[in-house]
Number of protein chains: 8
Amino acid sequence: GYAKLDHHRVLRSGFGETVFCQGKPDPYLVEIYKRFYDRDGEVLGTRASKEQFELVRSIVPEVQYDPISGILKVERPGKEKKGCIAVCTGGTADIPVAEEAAQTAEYFGCYVDRIYDVGVAGIHRLLSQRERIAKANCIIAVAGMEGALGTVIAGLAESPVIAVPTSVGYGASFHGLSALLTMLNSCANGISVVNIDNGYGAGYLATQINRLAVK
Amino acid sequence: GYAKLDHHRVLRSGFGETVFCQGKPDPYLVEIYKRFYDRDGEVLGTRASKEQFELVRSIVPEVQYDPISGILKVERPGKEKKGCIAVCTGGTADIPVAEEAAQTAEYFGCYVDRIYDVGVAGIHRLLSQRERIAKANCIIAVAGMEGALGTVIAGLAESPVIAVPTSVGYGASFHGLSALLTMLNSCANGISVVNIDNGYGAGYLATQINRLAVK
Amino acid sequence: GYAKLDHHRVLRSGFGETVFCQGKPDPYLVEIYKRFYDRDGEVLGTRASKEQFELVRSIVPEVQYDPISGILKVERPGKEKKGCIAVCTGGTADIPVAEEAAQTAEYFGCYVDRIYDVGVAGIHRLLSQRERIAKANCIIAVAGMEGALGTVIAGLAESPVIAVPTSVGYGASFHGLSALLTMLNSCANGISVVNIDNGYGAGYLATQINRLAVK
Amino acid sequence: GYAKLDHHRVLRSGFGETVFCQGKPDPYLVEIYKRFYDRDGEVLGTRASKEQFELVRSIVPEVQYDPISGILKVERPGKEKKGCIAVCTGGTADIPVAEEAAQTAEYFGCYVDRIYDVGVAGIHRLLSQRERIAKANCIIAVAGMEGALGTVIAGLAESPVIAVPTSVGYGASFHGLSALLTMLNSCANGISVVNIDNGYGAGYLATQINRLAVK
Amino acid sequence: GYAKLDHHRVLRSGFGETVFCQGKPDPYLVEIYKRFYDRDGEVLGTRASKEQFELVRSIVPEVQYDPISGILKVERPGKEKKGCIAVCTGGTADIPVAEEAAQTAEYFGCYVDRIYDVGVAGIHRLLSQRERIAKANCIIAVAGMEGALGTVIAGLAESPVIAVPTSVGYGASFHGLSALLTMLNSCANGISVVNIDNGYGAGYLATQINRLAVK
Amino acid sequence: GYAKLDHHRVLRSGFGETVFCQGKPDPYLVEIYKRFYDRDGEVLGTRASKEQFELVRSIVPEVQYDPISGILKVERPGKEKKGCIAVCTGGTADIPVAEEAAQTAEYFGCYVDRIYDVGVAGIHRLLSQRERIAKANCIIAVAGMEGALGTVIAGLAESPVIAVPTSVGYGASFHGLSALLTMLNSCANGISVVNIDNGYGAGYLATQINRLAVK
Amino acid sequence: GYAKLDHHRVLRSGFGETVFCQGKPDPYLVEIYKRFYDRDGEVLGTRASKEQFELVRSIVPEVQYDPISGILKVERPGKEKKGCIAVCTGGTADIPVAEEAAQTAEYFGCYVDRIYDVGVAGIHRLLSQRERIAKANCIIAVAGMEGALGTVIAGLAESPVIAVPTSVGYGASFHGLSALLTMLNSCANGISVVNIDNGYGAGYLATQINRLAVK
Amino acid sequence: GYAKLDHHRVLRSGFGETVFCQGKPDPYLVEIYKRFYDRDGEVLGTRASKEQFELVRSIVPEVQYDPISGILKVERPGKEKKGCIAVCTGGTADIPVAEEAAQTAEYFGCYVDRIYDVGVAGIHRLLSQRERIAKANCIIAVAGMEGALGTVIAGLAESPVIAVPTSVGYGASFHGLSALLTMLNSCANGISVVNIDNGYGAGYLATQINRLAVK
Ligand SMILES: Nc1ncnc2c1ncn2[C@@H]1O[C@H](COP(=O)(O)O)[C@@H](O)[C@H]1O
Ligand SMILES: Nc1ncnc2c1ncn2[C@@H]1O[C@H](COP(=O)(O)O)[C@@H](O)[C@H]1O
Ligand SMILES: Nc1ncnc2c1ncn2[C@@H]1O[C@H](COP(=O)(O)O)[C@@H](O)[C@H]1O
Ligand SMILES: Nc1ncnc2c1ncn2[C@@H]1O[C@H](COP(=O)(O)O)[C@@H](O)[C@H]1O
Ligand SMILES: [Mg+2]
Ligand SMILES: [Mg+2]
Ligand SMILES: [Mg+2]
Ligand SMILES: [Mg+2]
Ligand SMILES: [Mg+2]
Ligand SMILES: [Mg+2]
Ligand SMILES: [Mg+2]
Ligand SMILES: [Mg+2]
């Protein structure tokens, strides 16, 4: 096949390769998913549609699908979840991206604490969760529209904050651009940013950081 | 002269005409400032440079200049300051714009409460000022970079919030664009936005709202 | 459930919480709508589709739906409508956004005067409505394309103007960006701006201002 | 010399070539200006600085310079000014661009009526000039910031309107982009747009239109 | 009805009101179309879909529809077509916009000469049409992608050129933005620009210019 | 003074407050710098000019200034530098931003390994440094223009990568926007981004991560 | 017909005319395709849909269609493939654009070497193909998201590199803008860029370059 | 020193390393320039200021400086200039960028034919140079403002065209963005684009292509 699989990756980085399902033609998706599965015994797929789930299930019957996050995975049972990553969202509409982040981190062996719907327009909601936030080695802040959640959290917590802008909003949100710029311009310390809606990237990076802490 | 003065304006709107000094050629500035002064006995000028101050002072010796805000005014003494407008800033760099807003509102007869350097990256600074904010008929929130101040205030207060993005920042702040978008996408209720660095516009609008409340 | 409802909000701000329906997964929408209804006896929903109306009606049979504005509400009868808010549009295509604003303000207890299709390309249409505009405590100006309506109204009226850019237009309107920039750069005094198509936000803010005037 | 002069242009189009002075290295400017002068006996230069004026005057002593518009010209005396072009501005800061347009049209033999400082934030100023506007064969509307002047004029007049956005403004005016977009999205009929600050282009085009009318 | 019809328009401007069909809800469209028809005996509609055609035909059976341009009209027979407007396109994909312009000008009584598929990538195609272009009182240049057609024509012709950028293209054409910027920055003289895909606006303006020439 | 100092910050986060010098009016800068110095015995200032250095030195004679990075600091002697942070640049023009990052991390107690001028246009330069990169707990990748350095490093290393876009470049680099977008769209895993030229932010965040590893 | 076919093109440039199928109305497509076929005995069509394939096949039964690239062609058999063009992609999602480029170059008589899925996030994949790259007269680098492939290749190879940004990606990839900017800002030498997704343009240009080398 | 020189480059690519002078701190510039000079006996520097020229001359007295192009070079005498590259500009203001391209190509051993001031607004100027254009192995088209020159040339010539957008213009030229987009969207075949004002890059790439032809 055309795709060049990266056989040494698990050894090199401690992470298996992930299948980005969105937009992959059916035969490519099936071939790649199957090869990873045969090689590693487990696979993480992201941004899968329901149709892709059914397609893959016809070849790999034990595959599991979460329609909220689009995660399509086979996971080895009995993984220990170590350390702590907090995943926070501004609103309920940000939950799909947050779940992509949370389930990615769990797949790679992290303990995740979900703190959803704590947007800064009602600041008491966030303040009442301060203790849970303080316990995390890394915090993922997922927010759309104005995207100010990361800044307020970074101001409260000592741990690194990964901000994920989402495309939630309308009009001058420009499909996540507003939240992205807000996060890049954060006047708090200890915050960095990934691409709009990139829950996977945030979960991966948080895992790296969490591993450093629990190592 | 080319400029068409608006003689009925005070009667129509309850506000005198203001002189936007920035970029006005010297002879125009002097002529307009003098005409307003002769007609009304007081004048509000904004965005004046030190050179413009000295130029106008040579014709109108009683003129007063504030180099922080750029306000260049002659004000009738003994004005009563009514009601209450709170003017808040995220950082110290936002103070020039905040002062333009505050002094505009004072010139038009409002009482102003200044609450500066209460940005959301250290949320306790803002929370400790809740009572002062709650007393205002209208709140002006001035912030650059990420611009999230207005949202948090609007979530805490019952009164209308006017958000003023500032051009403070660098890189992806894009001269105030980031703060502007943040404010337009606020997920709080009861907030609207004026142009980047437009302290004057915010002060004027807050005056209109404050007058409705004290009338 | 994941969503954190804001139980003290009515007490704190004098406004109940609103349900932003657009994009909410069906089970979330139904659960939230029902909970608000049970708690408050009335609910305001915005940006609902016809399908969402039918879904909610199966649980809350007295719910009412306006397909033009997308408002999905249960409203306690006999509310007194106080003060006066004028809602103006440039064209007929702006009416859906204007109705979101108008019905929001009415739901929160304001009297609303609708002045539609008075765009500045035929200025006599607006000039013939000057008396109605002069009576309002607050004016909402809804316009797409060039978006100049707010400026002309703010020049005619003494009351604060809330400008709502709409996504009406094509080509270089860039989905409302042109109207948004026009409104932010208004050379009139006493005008501020909300997000593109944000009729709800304008109606809410106008209510706050109108309450100050009638209090 | 590197520059390729266009010797047949006057014959072909009825207009001589113009020298765009801004940014031209001194030797090029002098050489080109002198060559045009020797060939045609008159020359129109635009966007010249005071230094360029003095440089050219040392070679062509009869050259005349207007520091407001930047026009640097030698004009044959006794030209008849035909037809009528109205040049309108929103504010006094737009006058430099308006003068570039007006003097260009005059140079090419048109009668120009200047109607300055009639911006739409005080609509009565424009309405009181309706008769002058109605007499023009073509109207040039010069405005920055929100740029709505052209639309209101096009709604009042029968003749074609050329809208010239200016870079006057700050913040979200984005150096004339806001005015440009407003003008492109005009909901009036009979209006077209030239580049930001392009008074020359508007004056040239208006001359073409005016010639058709008086021919 | 909400819409405010403009009864004096024909008298004032010499043009009837046009119906912009796109996006109009069915009942509004039918009511407005019918009212214009009853008042004037003819109507010009633009940007109509096939469904809108069928809807209007059920009320106004003599209505005619052109699926290429989207023009939906009833036209009084025997109109004399005066003067000359040339309508040029860069490619075949620009023809729908060109036809909107051409049929608008014809409806308002102009003679139109169509010169299609003469884009500048094969310059001989345009050069071989120089004589037809030279005969027009006004030239409409319709082009997408790079949009250079208007400049080359303006350099060849003496008459005013109205450039219409189209949304034809992909990638960095950004839905017509590239062509729009090209046209605004034309280094030719005697050219102005209307909104992306705005054939109607170009046809209307060309009519005004052509009338000046034939009057 | 207006500024609200954050006295509990060291306790809360383990970091002292930093003075962002750029744009601070002289009296504010001196007052704030002195107050921090008196309280903490050491201070980190960023983005200071030579003039600001001289100003502060007149009050705090032991202050040290690095003209490359703009760091203006008083540092307690004998700090132990723990762990390892690698700071890499694409070219020599990126060194000022890299030094801001490196010196920030050193000030906060980290060991820093500088790997400069290893841009991807000559990939062997980077490949020959693989072992040094592999030893770091966190890698800061500083690059302008195309900004691809972070991706290649993230593909080689196991540790988290913080990408810092710089404003180095011209034309379509748009003052760092190109590098910023490249980094946000990285197809590598384990990478996040801070604002354009924000070396301080990267150094701070890297310190947090490095502390987790050495704790 | 409206379209002006370019009969001398093959003679002038050594290339036949190509049919850009996307968006062409059915009757135009069929007419143009047939005319080219009758004149030249072979035709290259690009960006064809499956429906267009079936339509054309009903008239030209020997037409061949590749659903990945959208190429719809009739090709004279027995063409010799000369020289060497390498076509590289960053990922599998870029293959459709790469195939448009590769098949275009093959149609015009070039030998093509496909090197797919060698993106810079796993640099060893590219390094292991250095010898194949070194053999090409011209290299086409096709990549989306961050788009850094072209730079690394240009740094490794002596031959000219044509970079093709693709619209593959999401969020801040802005439909290919990120990759486009990366490529324009390449800090390598010997690289130029074509429009987003423009495989055809890259294949054509590579053919011109390859012909110079083999001539 | 920090900079990592690329000693194998001449062998690998047939080109020496070039010094990009703009923005290099004085000590770095001198060190790098001297090292290249000592190693290779000749050096090409680009974008040098007059001050940098004087600085380098104090160390390398035989260095030569062209203030138009900013080229600062020591060149071995008696180089043979092979093949042919045509360098064309739209106007005289584009000459500095064109000279950067031309002198780069000459330095690397190409014969260059300069064809300046042949912009498409006066198409006869370009058409009269067709024969010179036809003789080149590669054509560089340098243009600002609308940037259409490359398309017209690519339509006339068989050889590859490298288009260089320049930052010449004002207003909606957006510092070269307009010309850049025009060139990327060219509807001609056989054209690619480099960064705004990147004459060096065009000259380098043209050299690679010309070498293939003369080899
Ligand atoms: N049409 C609207 N546009 C913007 N914000 C809205 C709109 N309708 C409701 N909201 C806000 O959205 C909140 C509810 O958001 P959610 O929790 O996502 O349902 C409400 O409390 C309002 O603040
Ligand atoms: N102010 C202006 N803005 C835009 N174009 C101008 C202006 N003044 C002159 N021009 C055009 O620039 C051409 C001269 O350009 P150049 O050859 O660079 O001097 C003239 O023939 C006009 O077409
Ligand atoms: N170079 C820098 N870039 C971004 N933020 C900085 C920088 N240096 C300091 N800061 C932040 O700015 C805060 C001080 O801002 P201020 O109160 O305006 O002095 C510090 O506490 C840091 O969070
Ligand atoms: N995929 C493509 N992308 C860009 N341009 C193309 C493509 N395919 C063909 N072309 C160009 O489009 C021309 C045909 O355009 P048209 O006359 O609209 O069919 C061809 O001669 C090529 O120059
Ligand atoms: Mg923190
Ligand atoms: Mg509130
Ligand atoms: Mg007003
Ligand atoms: Mg009109
Ligand atoms: Mg012309
Ligand atoms: Mg990695
Ligand atoms: Mg190379
Ligand atoms: Mg060609």
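What you see is a predicted model, and the numbers here were worked out from it, not measured in a lab. Convention: sequence-line order gives letters A, B, ...; per-chain numbering from 1.
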Option that, when pairs with chain E are counted at under 4.5 Å, heavy atom only, ranks first among H:Gly169, H:Ala172, H:Gly171: H:Ala172

H:Lys81 to H:Phe108 six-membered ring, cation-pi geometry met (6.0 Å, 45°): no

Contact leader toward chain E among H:Val152, H:Thr182, H:Leu184, where contacts are heavy-atom pairs under 4.5 Å: H:Thr182

H:Arg211 to H:Phe15 six-membered ring, cation-pi geometry met (6.0 Å, 45°): yes

Residue selection (most heavy-atom pairs with chain H, distance under 4.5 Å) from E:Leu126, E:Ile191, E:Leu177, E:Leu127: E:Leu127

Straight-line distance of E:Cys110 SG to E:Ile209 CD1, nearest 0.5 Å: 10.5 Å

Residues forming a salt bridge (Lys or Arg N to Asp or Glu O under 4.0 Å) with H:Asp113, sequence neighbours excluded: H:Arg132

